[in-house]
2 protein chains.
Amino acid sequence: MGNTDTKKCILDVAEKLFARQGFHATSMRMLTSEAKVNLAAINYHFGSKEELIKSVMERRILPLNKIRIERLQRIKDIASAEGHVPDIREVLLAFIEPTFAFKESGIGAQDFISLIGRAFSDPKPTVRKLFMEMVGPVFQLLFELLCDSLPSMPKNIVLLRLHFMLGAMAHPMNMSQMCQLIPNGTAIKMDSVSLTDEFVNFVTKGMEAPL
Amino acid sequence: MGNTDTKKCILDVAEKLFARQGFHATSMRMLTSEAKVNLAAINYHFGSKEELIKSVMERRILPLNKIRIERLQRIKDIASAEGHVPDIREVLLAFIEPTFAFKESGIGAQDFISLIGRAFSDPKPTVRKLFMEMVGPVFQLLFELLCDSLPSMPKNIVLLRLHFMLGAMAHPMNMSQMCQLIPNGTAIKMDSVSLTDEFVNFVTKGMEAPL
DNA sequence: ACACAATTAAAACGATCGTTTAAATCAAAC
DNA sequence: GTTTGATTTAAACGATCGTTTTAATTGTGT
């Protein structure tokens with residue numbers, strides 16, 4: 001089963017290059033030469049570049065979604081059983097923490113985080129659609145829980161703020177060396193725990209903001 | 001001087017297509033055929049595709065930056081003269097309002113807003129660098145004013161939150177039909193005034209969040 | 001009307017893209 | 001050891017990319 005080796009090698013390299021250069025800017029020849037496999041290997045094992053993109057995203061997103069949905073559902077169940085509204089900070093944490101924590105989960109995970117940001121803003125509708133189909137149910141559940149947590153807030157405002165949050169999440173994601181955005185000596189160096197903490201602080205207050 | 005006509009026509013079309021499809025995914029042939037000019041016209045008038053990208057961004061960003069810097073500088077001067085710290089909401093408004101207000105400033109302006117989001121997250125370093133050189137001074141001034149407004153906040157936290165904000169800004173920007181992100185009937189329809197208001201509400205609270 | 005520069009037009013350039021084909025190699029079953 | 005199916009290899013496919021070239025056209029000043 002050398003099969004497994006080749007496929008995994010391609011997936012790993014694709015994850016890295018897609019994250020760092022984008023989908024469109026990464027050619028089959030870059031991928032296969034970096035992975036040290038034949039040019040035709042991608043078409044043989046995955047069918048096409050498009051399906052490789054799908055495989056790369058699925059490999060990480062599906063397990064991540066499973067974790068997020070479990071945590072969100074648990075909050076929903078507990079709140080429902082105990083007859084109170086879910087805590088907004090807990091809801092946000094359940095969604096955000098697994099994402100950022102992924103960075104320390106294994107090799108290439110950091111690159112995958114960038115990948116999510118890329119999928120968000122990719123020019124090609126097919127890529128965005130692919131991504132949205134994968135994360136749609138999670139977003140839906142998150143949205144419902146946010147509405148529950150903020151019962152006095154109009155739903156369209158909650159949705160708008162959710163978009164703000166997702167953008168805020170995606171942006172640092174595809175900025176590997178985002179420190180030098182501001183021509184300033186100040187460097188940002190953070191482990192995923194601190195980053196999660198800072199981010200949840202930020203968006204919790206934003207979500208709770210009075211109208 | 002048909003010159004002006006052709007150049008302007010190319011710039012308008014490029015702004016539209018770059019915003020909707022991204023820089024890399026928009027070819028010279030798409031641009032010239034949509035603009036109804038000859039294929040060689042872009043190279044003749046702008047030199048290269050890269051320089052066209054630069055021209056497209058400069059045409060809008062430079063005037064926008066002028067407005068933002070004036071407003072920010074005025075806040076800085078007043079605060080300094082009156083011996084108090086600038087108001088955080090005013091600072092954010094000075095930066096955000098001109099950006100979103102641009103939508104109603106003329107034809108194609110909506111597309112330009114998307115364009116900024118694209119430049120932020122473009123895979124090509126040359127594009128990001130180009131953009132950063134254009135907006136660097138504005139970001140620097142904004143950063144300084146934010147630090148002044150939040151004197152008790154560590155500068156690296158301010159910088160981190162500024163990144164969150166810029167991401168939150170950029171994301172809705174390149175989502176023309178972002179309503180359908182969540183598979184939900186709720187639609188988001190907003191004029192730039194309401195959007196600005198909602199966004200400033202959100203990020204002000206986030207920026208002020210206690211550690 | 002003529003000369004001259006600026007602009008537009010049509011065609012081709014080499015390079016690279018994703019994909020396909022057909023032969024070579026490998027692995028395991030009989 | 002041979003056969004059979006899976007995998008790898010090398011080469012080529014047509015399409016499109018950004019750019020350049022050469023010629024035709026337009027506009028302007030004298």
Side-chain angles (χ1 to χ4, degrees), chain A residues 1-58 115 118-119 122-130, chain B residues 1-58 115 118-119 122-130:
Chain A
M1 288 234 186
N3 166 356
T4 317
D5 260 6
T6 303
K7 284 188 79 169
K8 183 185 181 310
C9 189
I10 291 175
L11 283 173
D12 288 340
V13 168
E15 182 171 75
K16 184 171 85 174
L17 296 188
F18 283 156
R20 300 186 184 179
Q21 312 178 353
F23 301 109
H24 194 156
T26 304
S27 69
M28 312 279 278
R29 285 159 181 85
M30 292 180 198
L31 290 168
T32 52
S33 72
E34 173 101 6
K36 290 195 259 291
V37 300
N38 189 270
L39 170 60
I42 291 177
N43 292 93
Y44 177 78
H45 285 285
F46 297 93
S48 67
K49 185 184 182 183
E50 194 93 359
E51 292 175 81
L52 172 63
I53 294 177
K54 182 177 178 182
S55 295
V56 167
M57 299 197 343
E58 272 181 344
L115 201 74
R118 290 246 174 269
D122 196 272
K124 288 189 77 173
T126 65
V127 174
R128 278 207 314 272
K129 192 181 165 211
L130 187 68
Chain B
M1 288 234 183
N3 168 355
T4 317
D5 260 6
T6 302
K7 283 187 80 169
K8 184 185 181 309
C9 188
I10 291 174
L11 283 173
D12 289 339
V13 168
E15 183 170 74
K16 184 171 86 175
L17 296 189
F18 284 157
R20 301 186 184 178
Q21 311 177 353
F23 301 109
H24 193 155
T26 303
S27 69
M28 312 279 278
R29 285 159 180 86
M30 292 180 199
L31 290 169
T32 52
S33 72
E34 173 100 7
K36 290 196 257 295
V37 300
N38 189 270
L39 170 60
I42 291 177
N43 288 295
Y44 177 78
H45 285 286
F46 298 92
S48 66
K49 184 183 182 182
E50 194 93 358
E51 292 175 80
L52 171 63
I53 294 176
K54 184 177 178 183
S55 295
V56 168
M57 298 194 347
E58 272 181 344
L115 201 74
R118 291 246 173 267
D122 196 273
K124 288 190 76 172
T126 64
V127 174
R128 276 207 314 273
K129 193 182 164 209
L130 187 68

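Heavy atoms only: backbone and side chains are in, while hydrogens, waters and symmetry mates are out. In what follows, every chain begins at residue 1, and chains take the letters A, B, ... in the order their sequences are listed.
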Problem set entry | Whole angstrom value for the distance that separates P of D:dA10 from CG of A:Asn38 | 7 Å
For this session: For A:Ala41 and for B:His24, locate the closest nucleotide of DNA chain D by heavy-atom distance; then report the residue assigned to the nucleotide nearer the 5' terminus.
Result: A:Ala41
Seminar exercise, completed: When rounded to whole Å, the CZ to P distance for the pair A:Phe46 and C:dG18 reads 15 Å
For this session: Could you check whether A:Thr32 gets within reach of a base, just the sugar-phosphate, or nothing at all, counting any heavy atom under 4.0 Å?
Result: nothing
For this session: Can you tell me the distance, in whole Å, between the CZ atom of A:Phe23 and the C1' atom of C:dG18?
Result: 17 Å
Exercise. Atom CD1 of B:Ile42 and atom C1' of D:dT20: how far apart are they, to the nearest Å?
Worked result: 15 Å
Exercise. Out of A:Glu15, A:Gln21, A:Arg20, which residue meets the side-chain contact (heavy atoms from CB on, under 4.5 Å) rule with A:Leu17?
Worked result: A:Gln21
Exercise. Would you say A:Pro123 and B:His24 make side-chain contact, with heavy atoms under 4.5 Å?
Worked result: no
For this session: In whole angstrom, give the distance that lies between atom CG of B:Leu31 and atom P of D:dC17.
Result: 10 Å
Problem set entry | A:Asn38 vs A:Tyr44 side-chain heavy atoms within contact, under 4.5 Å | no
Exercise. Is the distance from OP1 or OP2 of D:dT8 to the nearest side-chain N or O of A:His45 less than 4.0 Å?
Worked result: yes
For this session: Would you kindly give the CE-to-P distance between A:Met28 and C:dG18, to the nearest whole Å?
Result: 6 Å
For this session: Whole angstrom is fine here: how far is it from CZ in A:Arg29 over to P in C:dT20?
Result: 13 Å
Exercise. Looking only at side-chain N and O atoms, does A:Ser48 come under 4.0 Å of OP1 or OP2 in C:dG18?
Worked result: no
Seminar exercise, completed: Assert: residue with more 5' nearest nucleotide on DNA chain C, out of B:Tyr44 and A:Ala40, is B:Tyr44
Exercise. Looking only at side-chain N and O atoms, does A:Thr6 come under 4.0 Å of OP1 or OP2 in D:dT7?
Worked result: no
Problem set entry | Min side-chain heavy-atom separation A:Phe23-A:Arg118 under 4.5 Å | yes
Exercise. Do the side-chain N or O atoms of B:Ser27 get closer than 4.0 angstrom to the phosphate oxygens (OP1, OP2) of D:dC17?
Worked result: yes
Exercise. Rounded to the Å, how far apart are A:Lys36 NZ and D:dA10 C1'?
Worked result: 20 Å
Exercise. B:Val37 pairs by side-chain contact (heavy atoms from CB on, under 4.5 Å) with which of B:Leu31, B:Val13, B:Thr32?
Worked result: B:Thr32
Exercise. Looking for any heavy atom pair under 4.0 Å, which part of the strands does B:Leu39 touch: base, sugar-phosphate only, or nothing?
Worked result: base
